[in-house]
Amino acid sequence: MGRPLRPRGKLLQEDARRHHRSLLLQQLFREGPASRADLARSSGLTRVTVSDLVGEMLAEGFLAELGAPAETRVGKPPTLVGLAPDSHHIIGLDLSETDRMSGAVVNLAGTVQARHEVHVDGAEGEQAVELVLGLAAQLMTMTDRPVLGVGVGSPGVVDAAGTVVDAPNLAWTDTPLAARLAEALHVPVFVANDANTAVLGEHTFGESGDGGLMVLRVGTGVGAGLVLGGSLLHGHLGAAGEIGHVVVDPAGERCACSRTGCLETLLAAPRLRRRVAEPGADGPAVLAEVGTRLGEVLAPVVAALNLHEIVLSGPAELLDGPLLDAADRTIRERTMPISSTGLAVRTSKLGEDVVVVGAAVLVLAGELGVS
Ligand SMILES: [Zn+2]
């Protein structure tokens with residue numbers, strides 16, 4: 001289905017209006033409340049245009065008038081406007097766990113308002129799609145606010161239209177997940193790979209900067225998402241961040257990708273848990289050894305990209321301790337000071353919410369142009 005034919009001039013006007021709205025929203029989203037005059041100054045738009053757009057967004061509820069700033073001394077104080085975080089809610093879903101699908105109602109400021117989850121119980125293919133539909137529908141009943149859209153972090157490779165090209169764990173191949181959800185729920189739907197979703201969550205709501213961020217997701221599998229220069233890195237075929245399938249031990253265990261000794265065979269949460277729990281195992285030593293291997297894989301990436309932050313996301317009892325310390329130390333030992341001096345290696349402050357919050361960012365970016 002193509003875009004309906006419209007007079008070109010009108011289309012350009014609408015595009016410009018949408019762009020100007022997102023400029024103002026982005027400013028308020030990132031910097032907090034501002035007066036109309038401030039907004040005109042920072043956006044470069046005329047005061048008439050700003051007043052017009054602010055009026056429209058006040059009427060829609062996205063913005064609220066907040067009164068005058070306390071420090072104003074003389075003259076009529078300007079009224080501040082700010083984002084109204086609970087004017088609309090977003091449904092965020094995390095499909096990255098093997099045993100359950102979890103979701104949350106998230107407000108426009110990235111705060112979780114309600115949660116729900118369903119057990120997967122081996123559901124695959126169409127059955128798994130039905131589970132996602134049920135979970136999203138249930139969450140939509142858990143808010144009394146208008147729902148701006150549904151965002152989904154899915155395992156596997158996901159294309160720009162929200163079709164899951166390949167997710168072996170759920171037996172999805174070319175599954176049009178976004179289209180199915182949009183058809184059933186009548187709201188905009190955005191689907192992306194779970195590691196990419198996580199890095200968006202961390203970038204927008206995890207107190208990270210714009211200096212180059214990698215989020216390494218450790219769960220059933222291992223994958224990474226990268227934000228460079230403020231933009232999500234997709235790579236040539238959309239497979240950027242597939243660092244879990246770099247071979248680190250050719251004599252190692254068989255991997256889900258059918259090769260042997262991938263990083264994932266050492267670092268995936270179920271395998272790591274099993275090794276730490278083996279009788280006689282020295283848990284901290286096992287974790288430190290795996291952290292060292294991880295650092296060996298990450299060092300050339302850090303050197304090539306001059307990253308600012310590496311965030312490990314997954315079970316804290318495995319990641320936050322000897323594993324993180326060893327990875328951090330190994331990266332520093334193997335790179336020049338210029339690469340490692342400004343580097344922070346840490347866990348996510350968002351914890352396990354990083355994917356549902358990132359799923360909300362998909363909707364914020366897609367519908368409001370903010371991130
Ligand atoms: Zn592999």
Side-chain angles (χ1 to χ4, degrees), residues 92-104 117 120 151-158 164 166-170 191-206 208 212-228 232-235 238-246 248 255-257 262-273 287 290-291 293-295 297-298 301-302 305 307 309-320 323-324 327-328 331 344-362:
L93 305 184
D94 176 2
L95 312 185
S96 67
E97 301 287 324
T98 23
D99 58 335
R100 64 182 188 274
M101 294 174 174
S102 50
E117 60 178 43
V120 173
V152 185
S154 168
V157 179
V158 183
V164 181
D166 185 31
N169 287 340
L170 294 165
V191 182
N193 165 269
D194 63 308
N196 286 342
T197 307
V199 78
L200 290 175
E202 187 66 31
H203 179 251
T204 301
F205 292 117
S208 73
L213 166 70
M214 171 192 271
V215 172
L216 187 83
R217 286 277 299 160
V218 176
T220 312
V222 172
L226 289 137
V227 168
L228 298 178
L232 182 66
L233 187 73
H234 293 280
E242 287 293 350
I243 204 164
H245 297 283
V246 169
V248 294
C255 182
C257 74
C262 295
L263 177 65
E264 184 170 300
T265 64
L266 294 179
L267 188 56
R271 301 203 194 218
L272 198 48
R273 265 199 199 101
L287 294 171
V290 171
R293 307 309 285 275
L294 173 61
V297 172
L298 293 180
V301 180
V302 168
L305 301 178
L307 295 175
E309 293 164 289
I310 293 180
V311 174
L312 305 187
S313 163
E317 79 277 11
L318 295 175
L319 302 179
D320 204 358
L323 193 153
L324 187 141
D328 190 8
I331 293 167
V345 183
R346 58 179 176 85
T347 52
S348 175
K349 292 180 183 72
L350 295 169
E352 286 299 285
D353 280 342
V354 70
V355 177
V356 290
V357 169
V361 175
L362 295 175

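The first residue in the sequence is number 1, and the count goes up from there.
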For Glu242, all residues meeting salt bridge (charged side-chain N to carboxylate O under 4.0 Å, His left out), sequence neighbours excluded
none

Interatomic distance, CG@Asp194 vs OG@Ser313, rounded to 0.5 Å, equals 9.0 Å

Side-chain contact test, heavy atoms from C-beta onward, threshold under 4.5 Å: evaluate it for Leu226 versus Leu307 and give yes or no.
yes

Backbone N/O of Val222 and side chain of Glu264: donor-acceptor pair under 3.5 Å:
yes

Spacing of Leu213 atom CG and Leu305 atom CG [to the nearest 0.5 Å]:
11.5 Å

Residues that Arg271 engages under salt bridge (charged side-chain N to carboxylate O under 4.0 Å, His left out), provided they are two or more places apart
Glu253

Could you check whether any side-chain heavy atom of Val157 comes within less than 4.5 Å of a side-chain heavy atom of Asn193, counting everything from C-beta outward?
no

Does the side chain of Val158 reach to within under 4.5 Å of the side chain of Val152, using non-hydrogen atoms?
no

Minimum heavy-atom separation for Gly219 and Pro270, please, with both atom names.
O-CD, 3.5 Å

Quick check: do Leu216 and Leu312 have side-chain heavy atoms less than 4.5 Å from each other?
yes

Output, in order, the C-alpha distance, side-chain angles, deciding distance and verdict of side chain to side chain contact (heavy atoms under 4.5 Å, CB included) for Leu170 and Val164.
CA-CA 10 Å; Leu170 294 165; Val164 181; over 6 Å; no

Would you please name every residue forming a side-chain contact (heavy atoms from CB on, under 4.5 Å) with Pro168, sequence neighbours left out?
Asp166

Quick one: do Ile243 and Leu298 satisfy side chain to side chain contact (heavy atoms under 4.5 Å, CB included)? Show the steps, please.
CA-CA 9 Å; Ile243 204 164; Leu298 293 180; 3.8 Å; yes

Does some side-chain heavy atom of His203 sit less than 4.5 Å from a side-chain heavy atom of Val361?
no

Within-4.5 Å side-chain heavy-atom neighbours: Leu324 and Val345
yes

Distance-only donor-acceptor pairs under 3.5 Å for side chains of residues 349-360, two or more places apart:
from: Asp353; atom 1: OD1; to: Arg115; atom 2: NH1; distance (Å): 2.8
from: Asp353; atom 1: OD2; to: Arg115; atom 2: NH2; distance (Å): 3.0

When rounded to the nearest 0.5 angstrom, what distance separates CG in Leu323 from CG in Asp328?
11.5 Å

Does any part of the side chain of Leu294, heavy atoms only, come nearer than 4.5 Å to the side chain of Leu266, both counted from C-beta?
no

Applying salt bridge (charged side-chain N to carboxylate O under 4.0 Å, His left out), name anything that partners Glu202, two or more places apart in sequence or on another chain.
Arg346

Could you tell me whether the side chain of Leu318 reaches within less than 4.5 Å of the side chain of Val218, counting heavy atoms only?
no

Taking all heavy atoms of Thr265 and all of Cys255, pick out the closest pair and write down the distance.
CG2-CB, 3.6 Å

Atom CG of Leu95 and atom OG of Ser154: how far apart are they, to the nearest 0.5 Å?
5.5 Å

Which residues share a salt bridge (charged side-chain N to carboxylate O under 4.0 Å, His left out) with Glu117, sequence neighbours left out
Arg100

